[in-house]
Every structure is written in C-alpha cells, then in structure tokens.
There are 2 protein chains.
Amino acid sequence: MPEISELSIAALTRVLEDFTRMHIRLPAGRRLSFTTLSVLHTLAGDGPKRLTELAGSEQVTQSAITQMVTKLEREGLVERHPDPSDGRAVLVQVTAAGAAIVDGRRAERVARLTDLADRLTEPERAAIALALPALARMVELHSAAIGDPPIERGDGEGDSGMDTPRDSARR
Amino acid sequence: MPEISELSIAALTRVLEDFTRMHIRLPAGRRLSFTTLSVLHTLAGDGPKRLTELAGSEQVTQSAITQMVTKLEREGLVERHPDPSDGRAVLVQVTAAGAAIVDGRRAERVARLTDLADRLTEPERAAIALALPALARMVELHSAAIGDPPIERGDGEGDSGMDTPRDSARR
DNA sequence: GAAACTTAATTAAGTTACTGATACAGTTCG
DNA sequence: CGAACTGTATCAGTAACTTAATTAAGTTTC
C-alpha cells in the first residue's frame, strides 16, 4: 500500500527547476559574471580557499580562477594571502566589499520570496515551514555525497551566486 | 502572537540557493551553453516562440538569440518556421532531438533527487509532499507578477536549462 | 496610397570569459 | 640531492556574448 502523502519527485524537480530560474534571472547591480558571483558566494560562506579548491568547487579550470581572482583583486572584492603552510599556495579571502555584494544579492532574494510568501495562505506557509528541515537535509546529504566541506551553517551564508546571462556578458 | 510554525524566509532562501547550486553543477553530456539549454527548455515547455519572445525570457539580446538559434538549427535541435500571422516574425520550434536533450537533463535531476529522497525518513518525505503545492503556488505567483505566460503544467515540462560554467565554455 | 514611423530579424565587429598548453617555483620522496 | 609532483601564473586561441547598423515587413497618418 502506498503512503498517504506519497512524494512525487517529478513534481519536486519541476518546482525546484522553477525556483532555480527565478534565482538565475535576478538582475545584479554590478556587472559580475556568473562564475564570479559563485566564487564570491563560496568564499563568503566557507572562508579563505586556495585557487585549486575554488577551481574544483566552481568547475572551471584553475587558469580561469587565476584570471578571475586577479580581476576581483583589482576591484577590491577579494585579497590574496600566502598560505603559511605551503609556499606554493595562495589563499583567497573575500573583503568586506565582496561580502557586501553577496549579502546584497541574498537580500534581494529574501525580499522577493517574502513578497511571494505574503500572498500565500497561512496553512500554505505552515506547510512549507514544516518541510524546510527535510529539504535542508536533502541538501546536506548531497554535499556529503559530493565531498563538499560540511559547511558551517550558522548564519551569513549563501548566495548561490547565480546571475542572468545578460549580467555575465554586459560591459 | 506568532503562529505555531512561522516560516523563516531566510531559511527558505538558503535552502533554495543550495538546490540551485546543485542543479547548476549538473554536468551536461553535450556541450551546450548555459543560455542555449535555457532556450531549449523554454521551447520544450511553452511551445514555439518568436525570437523576440525568447530574447525577453532569457534576458539576452535579440542578436544573441538569432546567432544561437542559427547554431541550434544547424545541429538539428530547433526549426525555424515563418509566423503565419506576421510576415516579419519567425517561430522557433524545438525538434524531437532538442526535446530529448531537455528530457535527458530532467531525468538526471530526477535521479539525483530520488536518490536523496530515498535517504530521508518517511515523515520527512511526507512533509515535503505536503509543502509541494504551496511551493508551486509561489512559483505561479511569481510568473504572474513577471508577466510570463501562464504555462501549461500537465507534463513534459521543465529543465531549468542550467549548466555548469565549464559546460558553457568548453570545446 | 505614399511617406514616416515602428517592429522583427539578421549581419558585422568588438569584448569578455573561458579553455588548453606550457612554464616555473615550492614541496615530497627515493 | 635529484626526480617526481603540486599550485599558480602566463599566453594564445575560441565561443558566447555585446552594440551598432542594415534589411524587410507592418502600422499609422494624412
């Protein structure tokens, strides 16, 4: 016998795809590329990282990361520091200005979602609230499988770093 | 007095950001750009569209769409047809091969989410199932606000068209 | 019904963000 | 110490965009 409320993965997939599109289309104030915003997000969330670590987590080549970090450094959004434990390595750290960009984009998303949630009924909001821990656990299970760092999730996290194609390419 | 289960938008935002990242990083078999996959998804979901409509929904210039559609046409993934109601316009339609790509990527996402959901407890899955309609309604409210077409949602939908940066640029 | 304007698509030239290959400095290991 | 390995930087090339200009069809105005 099937459960009372059987979870339709197909439906879940579609809803998540739609939210992804919503996030992706969020316009950015500054003209930063897709990958660039993702890097800022990662650094703001996980703390300083090596270039090779970033290359792995963003799935671009190490060469691309070097070039991007050079550009971000010129713009004052990240800083390069020598790694005390390995003379070859560089630790990239987000600056206050860089973190502000991440926070700003997060705030836009929160504002948008707040607006939408306000227009739901109270039981609808409650249903989402009750599902959040389970959804968060799916993300956790995924990260664990991928081998990501176990990510401190107290606060000051996030920004999936996504951007519209227009933002990436313009100017 | 606050409700029993108050919905934390901040928490919801973070979870959705994480899912976005999960989707974005999904590797693609073919080497199609970020925007290209998004266009295929839109066409597979909404049916034939004009170039200008696509330019609007994908947030790139019309010129970019023209070039992309030309390339997709060469690869047999879309077809151009004259618009019977307007001699200036062109209707772009996804081919079976194009739809297969969209479906394939959707299937990968479903597989991944299925795997994760299997590792949840039964109450967790039930909680997500109960929240799905509310989440879907948030998406609907968003589309309505943006002015998107009201999207037929029977089946054969989806693929948020997202891709890794690596996929976009390689080869 | 012709002139002026608007809209849809294409074409051309330039920019940017990536890739791949290579060079080189710093580590690790025999 | 020298050989192999690892982390970063550099260089040349490519793909996906941009803006600007062109062509063609449709709409408006008188």
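Protein chains get the first letters and strands the later ones, always in sequence-line order, with residue 1 at the start of each.
- Between the C1' atom of C:dA9 and the CG atom of B:L54 lies a distance of 13 Å, rounded to the nearest Å.
- Taking atom CG of B:L32 as the reference point, atom C1' of D:dC17 lies 16 Å away to the nearest angstrom.
- In secondary-structure terms, DNA chain D builds stems of at least 3 consecutive Watson-Crick or G-U pairs, each pair having both distances under 3.5 Å, at C:1-30 with D:1-30.
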Query raised in the report: Which letters describe nucleotides 3-11 of chain D, given B = protein heavy atom under 4.0 Å from base, S = only from sugar-phosphate, - = neither?
Result: ---BSBBBB
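- Contact check for A:F19 versus B:H142: no side-chain heavy atoms found under the 4.5 Å cut-off.
- Under 4.0 angstrom from either OP1 or OP2 of D:dC17 there lies at least one side-chain N or O belonging to B:T35.
- At a cut-off of 3.5 Å, with distance as the only test, a side-chain donor of A:E79 or A:H81 sits close to an acceptor on the other residue.
- Aromatic rings from A:F34 and B:F34 are positioned such that their centres are separated by under 6.0 Å.
- The pair B:E17-A:R105 does not meet the salt-bridge criterion, since no charged nitrogen lies less than 4.0 angstrom from a carboxylate oxygen.
- Atom OG1 of residue A:T13 and atom NE2 of residue B:H23 lie 6.0 Å apart, to the nearest 0.5 angstrom.
- Taking atom CZ of B:F34 as the reference point, atom P of D:dA16 lies 14 Å away to the nearest angstrom.
- By the salt bridge (charged side-chain N to carboxylate O under 4.0 Å, His left out) test, B:D86 pairs with B:R50, B:R88, sequence neighbours left out.
- Annotation: side chain of A:V92 is not in contact with side chain of A:K49 (no heavy-atom distance under 4.5 Å).
- What separates CD1 of B:I65 from P of D:dA16 is a distance of 13 Å, to the nearest Å.
- In summary, A:R119 and A:D115 engage in a salt bridge, as defined by a charged side-chain N under 4.0 Å from a carboxylate O.
- Each of A:S85 and A:K71 was assigned the nucleotide of DNA chain C with the nearest heavy atom; the assignment lying further toward the 5' end belongs to A:K71.
- In this model, the phosphate group of C:dT19 is approached by a side-chain N or O of A:T61 to a distance below 4.0 Å at OP1 or OP2.
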